[in-house]
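Structure, as C-alpha cells:
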Amino acid sequence: MDTQLLSYIFVGASFALYIGIAIWSRVASTKEFYVAGGGVHPVVNGMATAADWMSAASFLSVAGLLAFAGRDAAVYMIGWTGGYVLLALLLAPYLRKFGRFTVPEFIGDRYYSDIARVVAVICLIFISFTYIAGQMRGVGIVFSRFLEVDISTGVVIGMAIVFFYAVMGGMKGITYTQVAQYCVLIFAFLVPAVFLSIMWTDNPIPQLGFGDRLNDGSGLTVLEKLDQVTVELGFGAYTAATRSKIDSLAIVAALMVGTAGLPHVIVRFFTVPKVSDARKSAGYALAFICVMYTTIPAVAAFSRLNLSESVNETPYAEAPAWFSKWENTGLIAWRDKNDDGVIQYRAGAALDPVKPQFTETRGKHGERTLSNQPTDNANEIYVDRDIMVMANPEIAQLPNWVVALIAAGAVAAALSTAAGLLLVISASISHDLMKRTLLPSITDKQELLFARLAAIAAIIIAGWFGINPPAFVAQTVAFAFGMAAASLFPAIMLGIFSKRVNRQGAIAGMLVGLAATVSYIVYFNFVAPELNSAKHWIFGISPTGFGTVGALLNIAVTLGVSRMTAPPPAEIQDLVDDIRIPAGAGVAHHH
Amino acid sequence: MGQSNDPADSKIVAGQDGPETVYHHDEAENLPTHSHHDTETLTEERLKSYWQANIKVLTTLLAAWAFVSFVCGIILGDWLDQFRLGGFPLGFWFTQQGAMLCFVVIIFIYHFWMQRIERAHGVDDDDNSAA
C-alpha cells in the first residue's frame, strides 16, 4: 500500500477513536465540563497532562532545534521540564485543595478582587491563543505534507475534530482523548528513534545509543563523531555551549516559571480526586514527558550525523531518495554554488533570504531552481528543522506504515494541546467572566451552554489564526512563556505561601511584571529588531529569558505594595490556611 | 463538603506564617461552628510543625532542583565535561538527559516524603481518614 493511503488510514483511525471517546464521555454539568468531575486517576491525568503539554512543536520541531543548535538548545529542554518541579512543589497540591475550576478563579478569590480576576483572564486568553494558533497551523501543515491537501483544508479538518470532542465532552472528553493521543504520539516518536539508534550503534535504546560507540568499527562514540564532523564542516562542536551563561540561566528560569504558569497545564491538576494525587500526578506527567524528551536529543544527534554523512559531498544525482522527496515539499533546497553537481553542507545560511523561494523550473541536475541570491559561504543546502523528525522513517529505511504513524502522531500532538487550550479559554470566559463577574445569577445549565459557545468561538478564532497565521508566530512563543512567568505564576505562588500579600500588591505586581516583559519582547522583536543582540540587551538577557526579570519584578512589587497597604481580610487568611492542609479536599465544587 | 467554609482547619494554623504575618485575627471567630471529624483531633502545634516540615522539604528539594539544572547544566557544565558518563561528557549529559531524569526523581521523592510527614501529623488525605 502506498504511504499516502496508509497515512489516511492511520489518521482516519485515530480520528474515529477520538470521536468514539467523545461520544462515550458526553458531559451534562459544568463540573464535568471544567474538571472532568474531579475523579481522574493520577496516572491517567499524568498521561493526559503529557499529551496536553507536548505540542506539535515538541513532536516535529524540537529535535531539529537541538540537531542544529547542539548544546545551546538544551536550555529549552531543561527549562520546559524543570517547570514541572515548580508546578508539583509550589502550585499543584494547593490549587487542588482550593478545589475550584480555573486559574483566574483562584487569583480572583485569593485576592478578593474582580480586577485581579479579569487581569488573570486576559493573561490566560492571550497566552492560550498565542499557543493555539501554532497548534492549528501545525495540524494544517501535517495534513498538507502527509496527506497532500492544502493547509487550510487541514486546519478545517482539525477544527472539526477538536470541536467534536472538546465541545461535547469538555474536560472529560479531552482527558480520555489525550490519553489516547499520548499513546499514539509516543509510539510514533519512538519507533523511528529505536531504528535510528540500531542503525548507528546496534543499541535499541535511543537514550543509551546516543552515548554509545558507533557500529562502523571506528571506535568513536556518537558524540565524538558528531563533534568531529561539525567542526570539520565549520560549525562549532556539537557538545560545546556558546550562549552566555547569564542568558542561559535567564532563559532556563523563564521557561521553568513560564511552564509552571501555563493555565492549560495547571487546570489538569484540578481533575484528580485528592491533594496527594496532584503531586503524584505531576510526577507521572513528567515521567511520561521524559519518555519523549530524553529521546529527542538522541534523535537530534542521529539525524544531524545522518545529514552530514549521507548528504554532504554526495553528487545530487546519487543523493538518498528522501532528499529529493522533501525538496519537492519545499523543506529542503539545494543551490549548486560551485557548479560541481555535488552537495556541500557547511556552516552558515546557504540562501538569501534564508527560506527558499522556488521557481517552477528544474536545474541541470534535476534540482528545483531558486530565486534566492546565493550567500558567499560554501554551504549549498537549506534544511527545514522539522525534517529531522519527518524524514526519519525514510532515513532509517523503515516501511511506509511508519511514515503514516508519524503523521498520526504529529496530528495527535497538535490536537491534544489545542483541545486543552480551548478548554481553559472557554472555562475562563463562561466561568470567570460570566458566572463569577458579569452574570452571577445564571444556572449551571446556562453556564454550560456559555462554556460550549465560548469553546465554539475559540475554535473558530484559533482556526482563523491557523489559516492566516500572523507573521510573528515564531516570536510569540516567547510571549506566551514570558507572560505566564511574569503574571500568573508569581500571583498564584505568593497567594499560597504568603498570607500577607493582598489585592493591591497582587494587581500591581501582575501589571508591572507584564508591562516590563511585554514591552521588552515587543521592543526587541517588532520596534527595533535590528538591535536584538546581546550587546543591547539589559544584563545580556534575551527577550526569551526576560520573563525571569518580569517574574522577579512582579514578586518585588507585590511584596512591597502589600506591606504598605492593609492586610487581607480574615476570611482570606483562613482560606490560605485551609489550602495548605491536604486533608479534606473532596471534589471540585461550587460554594 | 465545603472545606474552605470550614473554620476548624483554619483556626489551628492561623497566624503561623512566620515574620510575614502581622495580622492576628480574632480567635473566637475561628472556633469551629460545628464538629468536624478530621480536624477535631488536630492540634495547633501539630499543624504548625506540619507547615514547617513542608517548608523544609520544599527548600531541600528546590535546592536539588536548582543544583541539577542551573549548576550542573549551565554554571559548571563546561567543567563537568572533563568527567564522562559512558560516552557522554558529564555536563553535556546533564543538559540533554540528566537534569530531566533528576526532576522526575525529585517530584516522586517529594510525593513520598510529604506523604510520610502528613501521616505523622494527621493531615493526610488517605482514603481512610479523608472526609
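Each chain gets a letter, A, B and so on, in the order the sequences are listed, and its residues count up from 1.
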Given heavy-atom pairs under 4.5 angstrom as the criterion, report whether the side chain, backbone, both or neither of [X] touches chain A.
{"X": "Asn54(B)", "answer": "side chain"}
{"X": "Glu118(B)", "answer": "side chain"}
{"X": "Phe112(B)", "answer": "neither"}
{"X": "Leu85(B)", "answer": "neither"}

Region of [X] in contact with chain B, defined by heavy-atom distances below 4.5 Å:
{"X": "Glu224(A)", "result": "side chain"}
{"X": "Ile78(A)", "result": "both"}
{"X": "Ala73(A)", "result": "neither"}

| remark: So CG of Leu58(B) and CG of Leu89(A): to nearest 0.5 Å the spacing works out to 5.5 Å
| message | When you compare the side chain of Phe70(B) with that of Met256(A), does any pair of heavy atoms fall below 4.5 Å? | response | yes
| task | Kindly indicate whether the side chain of Pro582(A), heavy atoms from C-beta on, has any atom under 4.5 Å from the side chain of Tyr50(B). | result | yes
| field | For chain A, the option from Val105(B), Val104(B), Val68(B), Leu62(B) that forms the most heavy-atom pairs under 4.5 Å | value | Val104(B)
| task | Taking all non-hydrogen atoms of both residues into account, name the closest pair between Lys245(A) and Ile75(B) and its distance. | result | CE-O, 3.2 Å
| For the residue pair Leu66(A) and Gln96(B), what are the closest heavy atoms and their distance? | CD2-OE1, 3.7 Å
| query | Under 6.0 Å from the six-membered ring centre of Phe92(B) and within 45° of its axis: does the NZ or CZ of Arg71(A) meet both? | reply | no
| Taking the six-membered ring for Trp, is the centroid-to-centroid distance between Tyr293(A) and Phe103(B) below 6.0 Å? | no
| task | Mark yes or no for whether Trp51(B), through its side chain, and Arg580(A), through its backbone, hold a donor-acceptor pair below 3.5 Å. | result | no
